[in-house]
Number of protein chains: 2
Amino acid sequence: MTQKKRPHHHGNLREALILAGLELMVEGGPDALSLRKCAARAGVSHAAPAHHFKGLSSLELAIVARGHAMFAEFMIAARGKAEDAPHAQLSAICAGYIQFSCEHSALFKFMFLPREIRPDLFDSVTWEQFTIESSASYQVLRDACLPFETGAADGLATEVMVWSLVHGYAMLFSGQSRLASHDVAIPDFAQILPMLALKAV
Amino acid sequence: MTQKKRPHHHGNLREALILAGLELMVEGGPDALSLRKCAARAGVSHAAPAHHFKGLSSLELAIVARGHAMFAEFMIAARGKAEDAPHAQLSAICAGYIQFSCEHSALFKFMFLPREIRPDLFDSVTWEQFTIESSASYQVLRDACLPFETGAADGLATEVMVWSLVHGYAMLFSGQSRLASHDVAIPDFAQILPMLALKAV
DNA sequence: GTAATAAATTTGACACTGTCAAGTCTTGTG
DNA sequence: CACAAGACTTGACAGTGTCAAATTTATTAC
């Protein structure tokens, strides 16, 4: 049976390219991601993405934005299952953070790859999506730390400490990546967080 | 004056390629690194590196190993200037960690890019250098945490906590990268570490 | 309904890159 | 000195990002 040739107008190519990129990432890691492969998977020619993205780096940032949306969902879902006490909320959100980094290991690392973040480097749609979604995901953790901040003199010390800790742990110890491999079992993050002995004020 | 054509035998090409790679990294970030550019900078043809490295990923790992050597030097130098007390030693080593991540921001991030770490993927010289240097740099921090470990039940909890914290802070807040940009000043890491209230045993 | 315009593609080309194979030059060994 | 091994060079190919021109489709105005 002859295959119906797709007409010139895709209809929702931007979204299709982002989804194709997420699939390629999951299947083969960040090195498997390319504009031409995304275009092929979306059923268009190699130059079609140029109308929607300001080059490969814009498509990558759009994928990062999508990752932040999923990331925030994980933390919010975890928070929803916890008791109202500040410690319980913070523990749950951190658990969601670590769970996402385990279950979406490649995407999580891809999200935090070093890249130049400047509005003039990306198309405006992608830039707006990225700033909204990354701020929203960070705000989940930030809100959870508020009850523990001690005052203006310390500024954001608790927030910075908690985010450093959970992010460092996610980068170094979660998922398949265990940069420091040795024979002793790595403690769960649930064992680490209480060691901070945080006090709500 | 006619330029003297380099004969076919470089003499120390492996080292020259690594140094060329470090230079390209400093000048233009990780995207500026390529086998052909390193070869050109070392004054050889594009295929010459193949005799010394099992592809681009081997050259990258050799650069990472070099980074770990420099990294360890930073922490050891910082430790050398501190008092003998466990707290002072740990604080100094963490300060060296953060200092390296600031002063060699691109290299530091490059060192911790996600990559597949399996011996069969690299030439044996590169693999050996990498395992030696990365173990050595990690061991500096590990040694500093030993006085604070509480016992077998906790395993490596303090070490994991401290490494997560300092690495997360270095990734998120040091150098030019400030992923979470907002108006309040980020506290120095020297303010964060005492919040752990670590007790030597 | 038609014409004009804009949007959304496709086609083709170029430069850069990694990798491979064959060939050539240099060094080391017997 | 001859041979073998090491260390390159040359040439080619596939994949990639990006650009420009051409083509098709959708939208808008009348």
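Every chain is numbered from 1, with letters handed out A, B, ... down the list of sequences.
Between B:Y97 and B:F71, the distance from one ring center to the other falls under 6.0 angstrom. Separation of the B:Y169 and A:W163 ring centroids does not fall under the 6.0 Å cut-off.
Residue A:L13 contributes atom CG, which lies 15 Å from atom C1' of D:dT24 at whole-angstrom precision. Atom pair A:N12:CG and C:dA7:P shows a separation of 18 Å (rounding to whole Å applied). The CG atom of B:L35 sits 15 Å away from the C1' atom of D:dG15 (whole-angstrom rounding). The CG atom of A:D31 sits 12 Å away from the P atom of C:dG18 (whole-angstrom rounding). Atoms CG (A:L121) and P (D:dT18) sit 12 Å apart, rounded to a whole Å. Computed from coordinates, the A:D123 CG to D:dT18 P distance equals 12 Å when rounded to whole Å.
Remark: B:F74 engages B:F100, B:H104 in a ring-ring contact (aromatic ring centres under 6.0 Å, His included) (not counting sequence neighbours). B:R14 pairs by the salt bridge (charged side-chain N to carboxylate O under 4.0 Å, His left out) definition with nothing, not counting sequence neighbours. Under the ring-ring contact (aromatic ring centres under 6.0 Å, His included) criterion, A:H68 pairs with A:F112, not counting sequence neighbours. Residues satisfying the side chain to side chain donor-acceptor pair (under 3.5 Å) criterion with B:D143, sequence neighbours excluded, are B:Q139. Take B:E15 and apply the salt bridge (charged side-chain N to carboxylate O under 4.0 Å, His left out) test, not counting sequence neighbours, and it matches B:R66. Under the rule for a side chain to side chain contact (heavy atoms under 4.5 Å, CB included), the partners of A:L35 that lie at least two apart in sequence or sit in another chain are A:P49, A:L56, A:L59.
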Table of protein N/O atoms under 3.5 Å from nucleotides 13-16 of chain C N/O atoms:
{"residue": "C:dA13", "atom": "N6", "partner": "A:R36", "partner atom": "NH2", "Å": "3.4"}

Output one line per pair: protein atom, nucleotide atom from nucleotides 21-30 of chain C, and distance, for all N/O pairs under 3.5 Å.
none

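Residue pairs satisfying the side chain to side chain donor-acceptor pair (under 3.5 Å) criterion with at least one member in residues 73-94 of chain B, sequence neighbours excluded, are absent. Here side chain to side chain donor-acceptor pair (under 3.5 Å) pairs that include residues 21-41 of chain A, with residues two or more places apart or in two chains, are A:E23-A:R41, A:E27-A:R41. Every pair passing salt bridge (charged side-chain N to carboxylate O under 4.0 Å, His left out) that includes a residue from residues 113-135 of chain B is listed here, sequence neighbours excluded: B:E116-B:R118, B:R118-B:D120.
Within a heavy-atom distance below 4.0 Å of DNA chain D, the residues of residues 48-59 of chain B found are B:A48, B:H51, B:H52.
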